[in-house]
2 protein chains.
Amino acid sequence: MPSSSVDPADLIVVSVDDHVVEPPDMFEGRLPRAYADRAPRVIENDAGQEMWLFEGTEIPNFGLNAVSGRPQEEYGIEPTRFDEIRRGCWDVDARVEDMDAGGVLASLNFPSFPQFCGQIFAGTEDKGLALAVLQAYNDWHVEDWAGAHPGRFIPLALVPYWDPELMAAEVHRVADRGVRAITWSENPEKIGVPSFHSPHWDPFWRACDEREMVICLHIGSSSAVKLPSVEAPFTTMMNLQPTAVMDTAADLLWSRVIREFPHIRFALSEGSIGWIPYLLERADYVYEHHARWTGTDFGGRLPSEVFRDHFLACFIEDAAGLRLLDLIGPDIVCLEVDYPHSDSTWPHTPERLARTLGDLDRGTVDAITHGNALRHFGLDPFAHLPREQCTVGALRARATHVDVGPAEPRRPFVAPERPLTLMDMLSQAAHPLLDDQAEAEGVAPEKESA
Amino acid sequence: MPSSSVDPADLIVVSVDDHVVEPPDMFEGRLPRAYADRAPRVIENDAGQEMWLFEGTEIPNFGLNAVSGRPQEEYGIEPTRFDEIRRGCWDVDARVEDMDAGGVLASLNFPSFPQFCGQIFAGTEDKGLALAVLQAYNDWHVEDWAGAHPGRFIPLALVPYWDPELMAAEVHRVADRGVRAITWSENPEKIGVPSFHSPHWDPFWRACDEREMVICLHIGSSSAVKLPSVEAPFTTMMNLQPTAVMDTAADLLWSRVIREFPHIRFALSEGSIGWIPYLLERADYVYEHHARWTGTDFGGRLPSEVFRDHFLACFIEDAAGLRLLDLIGPDIVCLEVDYPHSDSTWPHTPERLARTLGDLDRGTVDAITHGNALRHFGLDPFAHLPREQCTVGALRARATHVDVGPAEPRRPFVAPERPLTLMDMLSQAAHPLLDDQAEAEGVAPEKESA
């Protein structure tokens with residue numbers, strides 16, 4: 001039976017890329033007494049906008065474009081209050097209901113306000129405070145988020161990247177608590193620390209190698225956007241952004257890291273997969289033509305073979321990539337839902353996926369929808385819920401009360417007169433990613449008061 | 001019959017990406033009297049190295065790594081004398097013999113010492129001299145290079161990009177001489193002029209639109225290299241460099257240029273094709289999710305459909321891309337040989353290509369090996385040579401005297417002790433592309449005297 005005729009209701013869906021919007025009470029009772037009154041907290045400004053405040057810095061973009069359930073016309077407008085986003089963004093019980101409604105059995109959740117690597121914490125001068133807050137964050141994630149519904153979440157931890165020995169210690173600490181996934185940077189050099197090639201990071205690599213920790217490198221985790229020109233329409237950046245981790249994949253593929261740390265594995269989060277066959281064929285071509293004079297040695301194997309030992313390839317929707325799955329590696333490809341961001345397929349993930357499965361056999365479909373994710377991240381949901389209750393159909397059957405939207409528009413839609421650019425976006429909303437890029441490009445236009 | 005069983009000898013091969021190394025006498029008698037003694041000329045320094053000299057600037061890398069016929073171990077060593085490169089690099093009669101030996105019927109040749117856009121000319125203060133030299137270059141290319149063997153070359157012209165009106169005039173001037181291809185920049189902003197999005201270029205776009213000129217954007221034509229970190233091995237850059245024009249394709253796809261100039265077409269030279277299905281699927285996804293709020297309008301069509309009207313997709317070797325040819329567009333894909341550079345498949349192009357044809361039908365194989373190139377660039381070689389004399393087998397039969405084998409090593413090979421980096425390369429040889437990058441990265445190590 002070709003999988004294109006698989007009933008979406010029969011699939012089991014595990015997503016390795018979703019996002020938690022941190023609830024305001026997350027740090028309550030979690031910090032040592034000395035730091036308790038310096039924990040990040042949510043404030044409201046005179047304009048009625050909510051934002052996190054930490055050590056004097058306001059972080060307005062608390063939801064990283066958390067628009068699931070909003071009308072498509074509003075995707076460009078940053079929600080500015082918790083009551084403007086779905087409760088499932090920040091309330092774990094509501095999240096599990098949204099997962100049920102979307103047919104999603106289990107989910108890995110990246111942070112929002114601290115940014116992908118915890119840049120907000122790392123930027124603090126008082127590194128004692130920074131570490132305390134970061135560890136409180138991880139403990140909250142393990143206990144109150146992932147721990148609230150056993151078997152439904154793949155826990156993920158931040159690392160104190162200002163000190164490789166502290167990173168290693170945190171890897172061991174969270175590994176002891178059952179964590180198998182770390183979120184870090186697609187290009188550390190761009191967040192102001194040494195590149196992947198520096199021995200500086202060896203304590204961290206060693207710890208991840210020992211504990212078989214998957215290091216998740218999410219697009220945007222270099223705090224940079226991919227845009228050939230600031231005058232280009234904003235959609236150009238959206239088109240190209242996933243390929244930021246294509247550069248990352250090449251950067252790590254030729255590095256000493258994957259050769260010297262045999263169990264290390266990187267997830268190319270939200271990087272998609274359709275470009276991988278090209279990148280690997282080109283890598284093999286370069287190796288064939290240029291290995292000797294460049295002093296490169298993959299130990300009698302091809303770069304494309306070594307790639308499969310050290311990466312996870314992750315996709316939201318990618319029919320082209322699935323047609324070349326044999327060239328990527330059926331054992332390293334994992335599905336993503338990206339709830340609650342604007343590129344998410346939620347709540348239609350199973351149906352959209354089914355349209356792109358072509359003639360993949362059922363075993364392969366099961367591998368990419370959940371088997372690979374569960375194996376690589378060490379989760380066993382079936383220890384908590386019998387397998388037959390884990391299917392899309394079974395999960396949705398208990399979520400018939402969930403309204404999956406879209407919600408009423410917050411304001412009437414006014415179509416832009418011309419394609420919006422990065423500059424237009426910057427003048428509309430504060431956004432840490434865009435701010436960094438604007439700084440790099442030497443363009444930092446005045447914002448409306450945020 | 002599946003094309004994987006096609007006899008390579010039966011193919012007809014046209015290459016849309018090769019390189020001419022300019023011969024020292026190219027400007028003789030071609031400049032107006034006022035400028036005659038200021039023409040670029042070849043000099044030899046005390047170390048016996050040859051290089052071009054123009055307005056006081058030495059251009060040592062006269063061959064852009066012209067290593068065809070050298071042993072693979074020497075690919076990283078820049079040839080520094082004309083007698084170190086194959087005669088076919090710079091002598092058009094020898095070139096045609098090399099084309100015969102490689103089974104190549106016709107070839108499009110990019111410039112070497114002037115750089116891909118003629119940056120060497122554009123950088124001159126005296127713009128009268130710059131234009132005279134550029135026009136002399138184009139006339140030499142049309143008459144002495146492409147004109148020497150009618151039907152064997154697709155002529156290509158440089159444009160005076162310091163002035164859009166002059167560019168338009170040059171487009172018309174060379175179009176009148178039978179040229180249908182312009183070489184320009186994959187990212188003009190990076191060579192110090194306005195981006196693709198500026199109306200500044202409209203006179204140039206209008207002329208290209210009117211004359212149905214293909215604008216060839218070769219990788220490297222932004223004078224920038226693609227490298228996630230300067231500490232990364234040099235092979236990382238080789239792996240990623242073709243995707244520089246992936247960014248270019250996205251930049252132009254969402255721009256007003258292709259919507260306002262209906263006949264304009266861009267060749268993504270040496271960009272390869274395996275990433276195109278991914279880029280287009282992602283473009284359609286972005287359009288579906290974000291068209292309304294971003295103010296984007298492709299006039300009732302999908303970005304992937306519009307792409308096929310405005311691009312040529314060019315590849316040296318790309319089995320992954322050929323497997324997804326239906327998603328790229330069988331009518332816009334063209335083969336490249338890349339003689340005499342280190343990534344070239346010469347003299348084994350037909351055999352290497354045949355291994356990657358899979359189950360493509362013969363009509364499609366003929367389209368990508370020569371049909372598309374001849375149609376888009378307006379060349380009719382069969383007006384000069386009967387079709388049955390144009391096949392790989394027929395061409396090679398008359399070139400049995402050509403020695404294609406690797407030459408003797410110039411020096412004993414010493415394997416590098418560790419993978420070479422950009423910094424290592426910079427310390428070995430002067431290279432304009434690498435110099436620009438080094439400057440951009442703030443690293444410009446001392447060179448050995450060149």
Side-chain angles (χ1 to χ4, degrees), chain A residues 72-77 187 189 195-198 226 228-229 231-236 238-240 242-243 246-248 250-251 253-255 272 274-275 277-279 281-283 285-287 289-290 292-296 317-321 323-324 327 342-343 413 415-420, chain B residues 72-77 187 189 195-198 226 228-229 231-236 238-240 242-243 246-248 250-251 253-255 272 274-275 277-279 281-283 285-287 289-290 292-296 317-321 323-324 327 342-343 413 415-420:
Chain A
Q72 228 178 47
E73 286 76 8
E74 288 184 11
Y75 279 8
I77 304 166
N187 192 329
E189 219 173 44
S195 82
F196 288 132
H197 306 278
S198 169
K226 230 182 149 171
S229 158
E231 294 175 298
F234 195 66
T235 43
T236 311
M238 290 179 164
N239 200 164
L240 288 172
T243 65
M246 178 183 73
D247 299 351
T248 302
D251 201 13
L253 178 61
W254 299 92
S255 77
S272 220
W275 48 265
Y278 166 71
L279 188 79
E281 183 176 353
R282 173 76 187 153
Y285 191 88
V286 167
Y287 191 54
H289 282 69
H290 305 288
R292 288 203 73 201
W293 74 264
T294 59
T296 314
E317 184 164 289
D318 200 323
R323 271 182 57 184
L324 298 182
L327 299 177
S342 61
D343 267 343
F413 176 62
E417 286 170 22
R418 54 170 176 72
L420 297 179
Chain B
Q72 228 178 46
E73 286 77 8
E74 287 185 10
Y75 279 8
I77 304 165
N187 190 330
E189 218 173 45
S195 82
F196 288 133
H197 305 279
S198 169
K226 228 179 151 172
S229 157
E231 294 174 299
F234 195 67
T235 42
T236 311
M238 291 179 163
N239 200 165
L240 288 173
T243 65
M246 178 184 72
D247 298 352
T248 302
D251 202 12
L253 178 60
W254 299 93
S255 77
S272 219
W275 48 266
Y278 166 71
L279 189 78
E281 183 176 352
R282 173 75 188 154
Y285 192 88
V286 168
Y287 192 53
H289 282 69
H290 305 287
R292 288 203 72 200
W293 74 264
T294 59
T296 313
E317 183 163 289
D318 201 323
R323 271 181 57 184
L324 298 182
L327 299 177
S342 61
D343 267 343
F413 175 61
E417 287 171 21
R418 52 169 178 72
L420 298 179

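Throughout, protein chains are lettered first and strands after them, A, B, ... in sequence-line order, and every chain is numbered starting at 1.
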Looking at [options], which one has more heavy-atom pairs under 4.5 Å with chain B than the rest?
{"options": "Phe196(A), Trp275(A), Tyr285(A)", "answer": "Tyr285(A)"}
{"options": "His290(A), Met246(A), Glu74(A)", "answer": "His290(A)"}
{"options": "Trp254(A), Tyr287(A), Tyr75(A)", "answer": "Trp254(A)"}

Determine whether [X] and [Y] make a side-chain contact, defined as any pair of heavy atoms from C-beta on separated by less than 4.5 Å.
{"X": "Leu324(B)", "Y": "Leu324(A)", "value": "yes"}
{"X": "Ser342(B)", "Y": "His289(A)", "value": "no"}
{"X": "Asp318(A)", "Y": "Tyr278(B)", "value": "yes"}

[X], part contacting chain A, at a heavy-atom distance under 4.5 Å:
{"X": "Glu317(B)", "result": "both"}
{"X": "Glu231(B)", "result": "both"}
{"X": "Asp251(B)", "result": "both"}
{"X": "Leu279(B)", "result": "both"}
{"X": "Arg282(B)", "result": "both"}

Less than 4.5 Å to any heavy atom of chain B: does that hold for the side chain of [X], its backbone, both, or neither?
{"X": "Gln72(A)", "result": "both"}
{"X": "Phe413(A)", "result": "side chain"}
{"X": "Arg292(A)", "result": "both"}
{"X": "Leu327(A)", "result": "side chain"}

Shorter than 4.5 Å, heavy atoms on both sides: which option in Ser255(B), Ser195(B), Pro277(B) has the most such pairs with chain A?
Ser195(B)
Heavy-atom pairs under 4.5 Å with chain A - which of Thr235(B), Val286(B), Thr248(B), Leu240(B) has more of them than the others?
Thr235(B)
Taking all non-hydrogen atoms of both residues into account, name the closest pair between [X] and [Y] and its distance.
{"X": "Glu281(B)", "Y": "Ala320(A)", "answer": "OE1-N, 2.9 Å"}
{"X": "Glu73(A)", "Y": "Trp293(B)", "answer": "O-CB, 3.3 Å"}
{"X": "Gly295(A)", "Y": "Pro416(B)", "answer": "N-CG, 3.7 Å"}
{"X": "Pro228(B)", "Y": "Asn187(A)", "answer": "O-ND2, 3.2 Å"}

Step-by-step side-chain contact (heavy atoms from CB on, under 4.5 Å) determination, Leu253(A) to Asn239(B)
CA-CA 10 Å; Leu253(A) 178 61; Asn239(B) 200 165; 4.2 Å; yes
Using the rule given for side-chain contact (heavy atoms from CB on, under 4.5 Å), can you reason through Thr296(B) versus Phe234(A), listing the C-alpha separation, both sets of side-chain angles and the distance that settles it, and then say yes or no?
CA-CA 10 Å; Thr296(B) 313; Phe234(A) 195 66; over 6 Å; no
